[in-house]
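Have a look at the structure below before the remarks.
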Amino acid sequence: MDENATAYGRPGRDMWRTLNTVQENVIRGGLTGIQHGRDENGRPTRRPVTTREIKGIDQDVKLNRALWMLAERMAELKGEQIAA
């Protein structure tokens, strides 16, 4: 069995590859979702949103640091070693 295979049997879906995919998709932009909120009367609202491409180096660095911190914490929870 492939050492990178998951419980679902898909090879190449380890945490680091997943992190890389998330990083690429977030930087590229175009992700869609629903923003939940409340109107002025307190009623629930739902609004579609789409992310924008990250173009500034400062935004890129900030995102990469946040993703790396998240990955470190996930690795810690999973008991995996972190590649330096």
Side-chain angles (χ1 to χ4, degrees):
M1 181 172 194
D2 181 7
E3 66 185 42
N4 291 327
T6 66
Y8 302 107
R10 294 180 302 203
R13 289 289 134 204
D14 62 11
M15 185 174 64
W16 305 111
R17 291 181 193 191
T18 301
L19 171 70
N20 189 27
T21 301
V22 168
Q23 177 187 33
E24 290 171 359
N25 288 330
V26 170
I27 288 172
R28 188 177 325 132
L31 301 172
T32 59
I34 301 291
Q35 180 181 24
H36 297 269
R38 297 208 174 262
D39 65 12
E40 61 277 353
N41 295 321
R43 293 181 297 228
T45 61
R46 293 171 37 139
R47 184 176 78 111
V49 293
T50 303
T51 61
R52 295 184 301 198
E53 178 182 6
I54 293 178
K55 295 180 181 179
I57 189 72
D58 55 334
Q59 293 173 315
D60 191 0
V61 169
K62 187 175 179 180
L63 171 68
N64 285 331
R65 281 190 183 139
L67 286 173
W68 185 256
M69 288 174 25
L70 178 63
E72 286 179 322
R73 182 67 178 128
M74 288 298 296
E76 189 179 299
L77 291 171
K78 291 180 71 174
E80 293 184 5
Q81 290 292 325
I82 297 176

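Sequential numbering from 1 along the given sequence is applied to the chain's residues. Atom set for the values below is all heavy atoms of this structure, side chains included, hydrogens, waters and symmetry mates excluded.
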Kindly indicate, with the supporting measurements, whether the criterion side chain to side chain donor-acceptor pair (under 3.5 Å) is fulfilled by N20 and R17. CA-CA 5 Å; N20 189 27; R17 291 181 193 191; over 6 Å; no
I'd like to know if the side chain of T50 reaches the main chain of T32, judged simply by a donor and an acceptor atom lying under 3.5 Å from each other, with no hydrogens or angles considered. no
Looking only at heavy atoms, the pair that brings R38 and T45 closest together is N-OG1, 3.6 Å
Is there a donor-acceptor pair under 3.5 Å between the side chain of D39 and the backbone N or O of N41? yes
Can you give me the closest heavy-atom contact between L19 and A71, atom names plus distance? CD2-CB, 3.6 Å
Under a single-linkage rule joining Ile, Leu, Val, Met, Phe, Trp and Tyr whose side-chain heavy atoms are separated by less than 4.5 Å, which residues share a cluster with I57? V61
Roughly how far, to the nearest 0.5 Å, is the CG atom of L63 from the CD1 atom of I54? 4.5 Å
Pair Q23-I27, side-chain contact (heavy atoms from CB on, under 4.5 Å): steps then yes or no: CA-CA 6 Å; Q23 177 187 33; I27 288 172; 3.8 Å; yes
For D60, which residues count as a side chain to side chain donor-acceptor pair (under 3.5 Å) partner, sequence neighbours excluded? N64
Got a second to check how far T18's OG1 is from W16's CH2, nearest 0.5 Å? 10.5 Å
Closest approach of R28 and E53, non-hydrogen atoms and distance? O-CB, 3.4 Å
Please find the pair of heavy atoms, one from V49 and one from I34, that lie closest to each other, and give the distance. CG2-N, 4.4 Å
What is the distance from atom CZ of R47 to atom CD of Q35, rounded to the nearest 0.5 Å? 4.5 Å
